[in-house]
Amino acid sequence: MYKSPIVIIGAGPAGLMAAQHLAENGFEVHIYEQNKAAARKFLVAGHGGFNLTHNESITDFITRYDKSELSPIIKDFDNQDTVQWLHDLGIDTYVGSSGKIFPIKTIKPIHVLQAWLDKLNSLGVTIHYEHTFQDFVEDTVFLKHKEDIVAIKYYKLILALGGGSWQKTGSNAQWIPILKSKNIHIKPLEAANSGYNTKASFVDIEGQIVKNIEIRFNEIRKKGEVVFTTYGIEGSPLYYLNRFTRATAFPFTIYIDLKPNNSEQQVQKEIASTKNITKALKEKLKLNNATIQLLKKLPKEAYTNPNLLAQYIKNYPIEVTSFRPIDEVISTAGGILFEELNPSLNLRKYPNIYCLGEMVDWEAPTGGYLLQACFSMGQFAAKHIVKSQIITE
Ligand SMILES: Cc1cc2nc3c(=O)[nH]c(=O)nc-3n(C[C@H](O)[C@H](O)[C@H](O)COP(=O)(O)OP(=O)(O)OC[C@H]3O[C@@H](n4cnc5c(N)ncnc54)[C@H](O)[C@@H]3O)c2cc1C
């Protein structure tokens, strides 16, 4: 048994992954979690498809992140390692049509989590629930448990406290003032993988999906589908756009190409081929009802003029006014700056303390990239602790 204990705060995917690798390598590991249950956001991520990673070459994979510091970390434990790790837990996976990797259909998110918790239990990892991180000094961390403050000695401390969305899952970013008081620089959290509020109202087409479109903002383009809502628009190409629009002040205009596989001339020709515009849109251009309703919002002179209408079909403008509220978005950007961390993810100012997962300042689109980074960071920090222990032995 190596020097111990390793104390991990936060029983989300990043913390649990670090715990597994450390316990497999002979460390005594204690996880402290403020909720009464582990990994609530991990379970939420499973609503509507548990997209655990993505099937693409590692060269493409690492380009999905906004911070190059993550590249060696993701390469060290990559998407194929995640698939193997899941397989070892008894969770088989399949690759969906868009390249996203999911557990096979009969396996529910709770089954994945339970298999993982069983594995940790078999390795001797203890999870202490209802313990809330309060403060730390060089070798001791302080946690609130019910009405008491408990002091826990650590050999290494791993903080894996998450970002700031979906507070009801426990990711409430209450760690920010604690780390700030230790002079750790933190970029303010912002909505990421967020829909946009729009100036125009789409209440009449709320819930309707327009598929096979391309979103454009300056030179950035992303294909996919959008969903119209009571407040604006949602959808993975918009989430992808988030980081590129972040530096631009609201309001600004994004454009939807509603027929990305056709040129403007082709679109114009199809519209002009019959006198009934709506019939041409439906039958020649195969646009669905939601798209036609969207186009009917244009001034009448645009809808009835094939040249103008073709221009709008290729460049439908949407003025966006803000991101959605931070609590309802899929993830947050911002967090502990990489400059505060050594490459092995421990704090430069407190080398015995590691920071992992969404609490660090990086962002990525949906598609399994968020969880993959959390898994990879957990592995990376744990491997560093194992290696440093072997060297000092
Ligand atoms: C609706 C939704 C859908 C998503 N879908 C996907 C998806 O399909 N694919 C994907 O890759 N990602 C998805 N994500 C994102 C993914 O779930 C997160 O990025 C990931 O869970 C972050 O992991 P983490 O370990 O860093 O933090 P978290 O999962 O947030 O875990 C942090 C843990 O720390 C605990 N904690 C926080 N503060 C304290 C404290 N002060 N004291 C003690 N404990 C504390 C929390 O209670 C929590 O258990 C989704 C997220 C949401 C909200």
Side-chain angles (χ1 to χ4, degrees), residues 7-19 31-54 61 64-65 74 79 82 96 98 100-103 109 112-113 116 127-136 141-145 150 152 157-179 189 191-195 234 236 239 324 326-333 335-336 345 354-378 381:
V7 172
I8 299 175
I9 321 279
L16 296 181
M17 188 56 100
I31 303 177
Y32 292 85
E33 162 60 50
Q34 65 182 352
N35 285 336
K36 289 182 180 168
R40 286 188 55 199
K41 190 179 268 182
F42 186 61
L43 290 181
V44 165
H47 293 173
F50 206 16
N51 178 201
L52 295 162
T53 186
H54 204 101
F61 204 106
R64 311 300 172 198
Y65 299 91
I74 309 278
N79 46 356
T82 294
S98 58
K100 295 175 179 175
I101 295 181
F102 303 95
V112 180
L113 179 60
W116 198 359
I127 308 186
H128 308 261
Y129 294 103
E130 297 185 81
H131 282 76
T132 304
F133 176 58
Q134 299 288 300
D135 198 2
F136 64 86
V141 59
F142 302 94
L143 299 131
K144 188 162 187 211
H145 178 56
V150 290
I152 312 288
L157 175 65
I158 295 179
L159 300 178
L161 299 163
S165 71
W166 283 68
Q167 294 208 9
K168 65 181 178 189
T169 63
S171 317
N172 58 15
Q174 294 292 311
W175 53 267
I176 291 181
I178 305 170
L179 269 78
L189 300 188
N193 289 299
S194 167
E234 292 275 346
S236 58
Y239 305 156
R324 293 299 296 156
I326 206 164
D327 196 40
E328 69 176 58
V329 298
I330 288 172
S331 62
T332 47
I336 298 168
L345 299 174
Y354 293 72
C355 299
L356 319 176
E358 214 182 296
M359 71 185 298
V360 178
D361 173 30
W362 56 271
E363 66 175 308
T366 53
Y369 303 105
L370 299 163
L371 285 172
Q372 180 63 54
C374 295
F375 298 147
S376 302
M377 292 172 99

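Just follow the structure's listing: the first ligand is 1, and inside any ligand the first atom is 1. Keep in mind that the numbers below use all heavy atoms, side chains included, and drop hydrogens, waters and symmetry copies.
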N or O contact, T132 vs ligand 1, cut-off under 3.5 Å: no
Regarding ligand 1, does S165 bring an N or O atom to under 3.5 Å of one of the ligand's N or O atoms? no
Would one find an N or O of L356, backbone or side chain, under 3.5 Å from an N or O of ligand 1? no
At a 4.0 Å threshold, what atoms of ligand 1 neighbour a non-hydrogen atom of S171? 28 (P), 30 (O)
Counting only nitrogen or oxygen atoms and a 3.5 angstrom limit, does C374 reach ligand 1? no
Taking C-beta and beyond as the side chain, do L16 and L113 meet within less than 4.5 Å on heavy atoms? yes
Before signing off on this row, confirm whether Y32 and ligand 1 have an N or O atom pair separated by under 3.5 Å. no
Out of G170, A160, G163, the nearest non-hydrogen contact to atom 32 (C) of ligand 1 is supplied by A160
Just by distance, do the side chain of D327 and the backbone of Q167 share a donor-acceptor pair under 3.5 Å? yes
Atoms of ligand 1, numbered as shown, that sit under 4.0 Å from any heavy atom of N35: 47 (O)
For ligand 1, does Q174 get within less than 4.0 Å through its side chain, its backbone, both, or neither, judged by non-hydrogen atoms? neither
Selection from H131, K168, H47 by shortest heavy-atom distance to atom 43 (C) of ligand 1: H131
Can you label the angle between the H145 ring and the H131 ring as parallel, tilted or perpendicular, going by 30° and 60°? parallel
Among P13, A39, A45, the residue with a heavy atom nearest to atom 3 (C) of ligand 1 is A45
For ligand 1 and E358, I'd like to know whether there is a polar contact (N/O to N/O, distance under 3.5 Å). yes
N/O donor-acceptor pair under 3.5 Å between R40 side chain and K168 backbone: yes
Side-chain (N79) to main-chain (L52) donor-acceptor, under 3.5 angstrom: no
Looking at S165, is its backbone amide N or carbonyl O close enough to the side chain of K41 to form a donor-acceptor pair, meaning the two atoms are under 3.5 Å apart? yes
If you define the side chain from C-beta out and look only at heavy atoms, does anything of F42 sit under 4.5 Å from P109? no
So for T169 against ligand 1, with non-hydrogen atoms under 4.0 Å, the contacting part is backbone
For atom 38 (N) of ligand 1, state which one of K36, M17, E33, Q34 supplies the nearest heavy atom. Q34
What about F133: any of its N or O atoms under 3.5 Å from an N or O on ligand 1? yes
Nearest heavy atom to atom 20 (C) of ligand 1 wins, so pick from T53, L370, L371, T332. L371
Mind telling me whether Y369 and H54 have parallel, tilted or perpendicular rings, with 30° and 60° as the class edges? parallel
